[in-house]
Number of protein chains: 2
Amino acid sequence: MKLLRNTLLETFVTVVECGGFTDAQYALGITQSAISIRIRDLETALGYRICERGRGGFRLTERGEIAYRKAGDILRSARDFDAELLELRGTITGDLRIGTVDAVNTLAELNLAQVLKRFLDRPNEVQLEVVVASPTELTQKLITGDLHVAIAPFRNQVSELTYTELCQEEHRLYCGRDHPLFDLPDDQIDLDVISEHQICQRSYNILVSPVLQTVHPKAVVANMEAMAMMIETGHYLGPLPVHFIETWAHRDRLRELAPDKLNWNSTFYLATRPSVVHRRAVEILVQDIIESCLSGE
Amino acid sequence: MKLLRNTLLETFVTVVECGGFTDAQYALGITQSAISIRIRDLETALGYRICERGRGGFRLTERGEIAYRKAGDILRSARDFDAELLELRGTITGDLRIGTVDAVNTLAELNLAQVLKRFLDRPNEVQLEVVVASPTELTQKLITGDLHVAIAPFRNQVSELTYTELCQEEHRLYCGRDHPLFDLPDDQIDLDVISEHQICQRSYNILVSPVLQTVHPKAVVANMEAMAMMIETGHYLGPLPVHFIETWAHRDRLRELAPDKLNWNSTFYLATRPSVVHRRAVEILVQDIIESCLSGE
DNA sequence: AAATTTACATTAAAACTTCTCATGTGAACA
DNA sequence: TGTTCACATGAGAAGTTTTAATGTAAATTT
């Protein structure tokens with residue numbers, strides 16, 4: 001404990017994230033030589049080399065790789081504990097790391113922007129961080145403590161986390177202006193016709209209608225914006241949340257297909273890791289989110 | 001994170017444990033004025049007072065109480081993470097906090113002293129700490145991370161921990177030289193006779209024969225030595241582990257009562273909290289303990 | 001092949017932090 | 001009322017960290 005001070009670990013992590021000493025000096029606000037000395041001290045304390053460096057490029061050693069991950073863990077939990085102590089002061093403080101899937105902003109029932117506004121309107125010294133990722137990644141990040149809360153349509157729920165149902169998201173299938181189906185009358189469109197065309201799917205495949213489950217997707221996309229783009233090419237059909245289209249300026253460039261037969265919902269959940277750290281900031285935000293959804297109904 | 005350095009928390013925790021600045025200076029190896037400054041800095045950083053101090057005595061404030069517990073948590077996990085990083089060096093290092101119930105030393109099948117000797121004979125930089133407490137307390141301490149491993153006859157096993165069976169401990173009922181039953185011939189002693197006398201029981205009541213379960217205890221004791229003492233007064237009967245008596249110099253001062261009817265076993269377990277931190281030192285010790293028990297049979 | 005650039009190491013002196021020593025304060029106690 | 005105890009304070013000493021300037025070695029360019 002004498003030698004493994006937080007500054008050393010902080011330096012190490014920043015250097016790794018910056019990919020070398022040169023960039024890290026701006027991130028850390030100290031000179032390159034100070035970094036050099038700190039890394040040397042850390043290596044001396046640990047008793048092994050953590051990274052190869054020099055003109056040949058920056059590279060973690062095998063042990064350095066492990067040390068980097070552990071150091072990140074230490075620092076995150078240190079910051080969380082830190083925030084807990086500071087919260088005894090009265091005002092809410094600390095990091096608050098939120099994860100969502102993309103295109104959450106237009107979810108009217110949830111209205112995340114409004115929730116965050118309300119949260120930040122309070123006297124606070126909170127440092128917000130919002131991460132957008134897939135449900136799988138969000139789950140992982142919650143478990144490791146990378147995130148405090150996450151909002152997503154969690155299909156596979158794990159026992160380490162607690163989930164609160166928030167709202168439903170309605171999806172329909174769309175095609176673009178240049179697609180053969182665009183000008184076909186409604187009564188000529190049915191599932192058989194549709195299934196003859198290629199469908200673009202989300203990479204975490206939770207947003208595909210059960211009806212079309214069997215169709216092998218020809219394109220895969222990790223992002224809602226990208227999905228809309230693929231549909232606009234006129235080469236693919238694709239599912240989109242209704243709320244996403246509703247706030248879309250070029251709404252007329254897309255056409256809903258068989259909205260009465262092809263519409264389905266996904267349920268959004270709020271997920272947290274229970275009681276590892278007891279943070280007022282986290283509690284309050286969770287409360288805010290849940291309340292917003294209840295009143296929105 | 002800037003201000004809540006580990007030295008400050010370390011100082012705080014030590015001061016609390018020493019009950020004031022004056023004693024803490026020897027524990028910390030710095031002067032009283034340095035401590036005064038550190039506590040002041042910590043309070044400034046936190047923004048609230050953590051302890052009342054002065055001639056009137058040392059006392060934590062309400063917030064200080066909470067902060068103290070959290071600070072202890074931080075330091076323990078910091079030391080554990082620390083040890084993990086150091087173990088990548090090759091030799092085993094760090095704190096190793098072991099808990100047992102009392103009178104484990106004479107458990108021949110386990111032979112804890114021998115196990116610890118073997119463990120410490122390896123090249124190591126481990127700081128051992130052995131805590132003696134009741135099974136309930138040990139369970140608590142394992143869950144919070146206060147302890148890495150514990151050995152006790154765990155009756156109530158909780159899902160947060162993993163248990164490995166180690167060995168059996170045989171118990172019998174004893175009376176002292178001055179007890180009415182001491183000189184009674186064997187054939188006149190049966191359960192009815194015995195149940196007319198007062199029985200001393202362990203405070204965690206896991207060591208009382210099922211046969212005598214109904215008898216309301218008149219004395220309760222938290223420790224094996226104390227149990228022997230109570231029995232020696234001649235006023236109480238009491239259960240003791242056989243191995244405890246066998247290594248007892250004044251063995252003839254006690255008498256076994258109806259050893260054929262009144263003998264029972266408790267099972268000793270090794271308990272750990274699974275995979276929260278991955279420490280070589282912990283793994284090796286656990287391995288040592290289990291091996292010792294397997295070979296001892 | 002020489003010159004240049006890049007990325008880090010080294011060093012001495014400056015800047016900053018933390019400690020100690022000596023002394024001060026104020027409450028409790030005799 | 002004076003003494004003791006437990007901590008606070010302040011000036012200077014000691015120690016630590018940073019900077020600025022320069023060195024080095026590998027990669028790139030010329």
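Chain letters run A, B, ... following the sequence lines, proteins first, then strands; residues in each count from 1.
- Remark: R38(A) is in phosphate contact with dT18(D), judged by side-chain N or O atoms under 4.0 Å from OP1 or OP2.
- Axis deviation across the helix from dA1(C)-dT30(D) to dA30(C)-dT1(D) amounts to 10°, comparing end segments of five pairs, rounded to 10 degrees.
- Closest non-hydrogen pair, I92(A) versus P123(A), comes out as CG1-O, 3.9 Å.
- With sequence neighbours left out, L116(B) forms a side-chain contact (heavy atoms from CB on, under 4.5 Å) with I98(B), L112(B), L128(B), L285(B).
- Residue S33(A) has its side chain nearest to dA20(D) when only dT20(C), dA20(D), dA9(C) are considered.
- H148(A) and D95(A) are not linked by any side-chain donor-acceptor pair at a separation below 3.5 angstrom, with hydrogens and angles left out of the test.
- Here the C1' atom of nucleotide dC7(D) and the CZ atom of R59(B) are 16 Å apart, to the nearest Å.
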Starting at the 5' end of nucleotides 23-30 of chain C, put B wherever the base has a protein heavy atom under 4.0 Å, S where only the sugar-phosphate does, and a dash everywhere else. ---BBS--
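- At dC8(C), none of the side-chain N or O atoms of R40(A) fall inside 4.0 Å of OP1 or OP2 (strictly under the cut-off).
- In this entry the distance linking CG of D41(A) with P of dT11(C) reads 14 Å, nearest Å.
- With sequence neighbours left out, E129(A) forms a side-chain contact (heavy atoms from CB on, under 4.5 Å) with R97(A), V131(A).
- Protein atom CD of E52(A) is 14 Å distant from nucleotide atom C1' of dA7(C), rounded to whole Å.
- Partners of E65(B) according to the salt bridge (Lys or Arg N to Asp or Glu O under 4.0 Å) rule, which considers only residues two or more places apart in sequence or in another chain, do not exist here.
- Partners of R53(A) under the side chain to side chain donor-acceptor pair (under 3.5 Å) rule, at least two apart in sequence or in another chain, are E43(A).
- Residue contacts shown for I35(B) are absent, as no nucleic acid heavy atom lies under 4.0 Å away.
- For the pair I37(A) and F58(A), nearest-nucleotide mapping onto DNA chain C gives the more 5' position to F58(A).
- Not counting sequence neighbours, Q127(B) has no partner by the side chain to side chain donor-acceptor pair (under 3.5 Å) test.
- A heavy-atom distance below 4.0 Å to DNA chain C is reached by these residues of residues 12-30 of chain A, ordered by number: G20(A), F21(A), T22(A).
- Every ring pair (Phe, Tyr, Trp, His ring centres under 6.0 Å) that F244(B) has, sequence neighbours left out, goes to W248(B).
- With sequence neighbours left out, R59(A) forms a salt bridge (Lys or Arg N to Asp or Glu O under 4.0 Å) with no residue at all.
- Counting to the nearest Å, the C1' atom of dT18(C) and the CD atom of E10(B) are 16 Å from each other.
- Here R53(B) reaches the OP1 or OP2 of dA8(D): one of its side-chain N or O atoms lies under 4.0 Å away.
- Applying the side chain to side chain donor-acceptor pair (under 3.5 Å) test to T14(A) and every residue at least two apart in sequence or in another chain returns nothing.
- Evaluation of atom-type donor-acceptor distances gives no pair under 3.5 Å for the side chain of T31(A) against the base of dA20(D).
- The side-chain contact (heavy atoms from CB on, under 4.5 Å) check on V132(B) picks up T100(B), D102(B), with sequence neighbours excluded.
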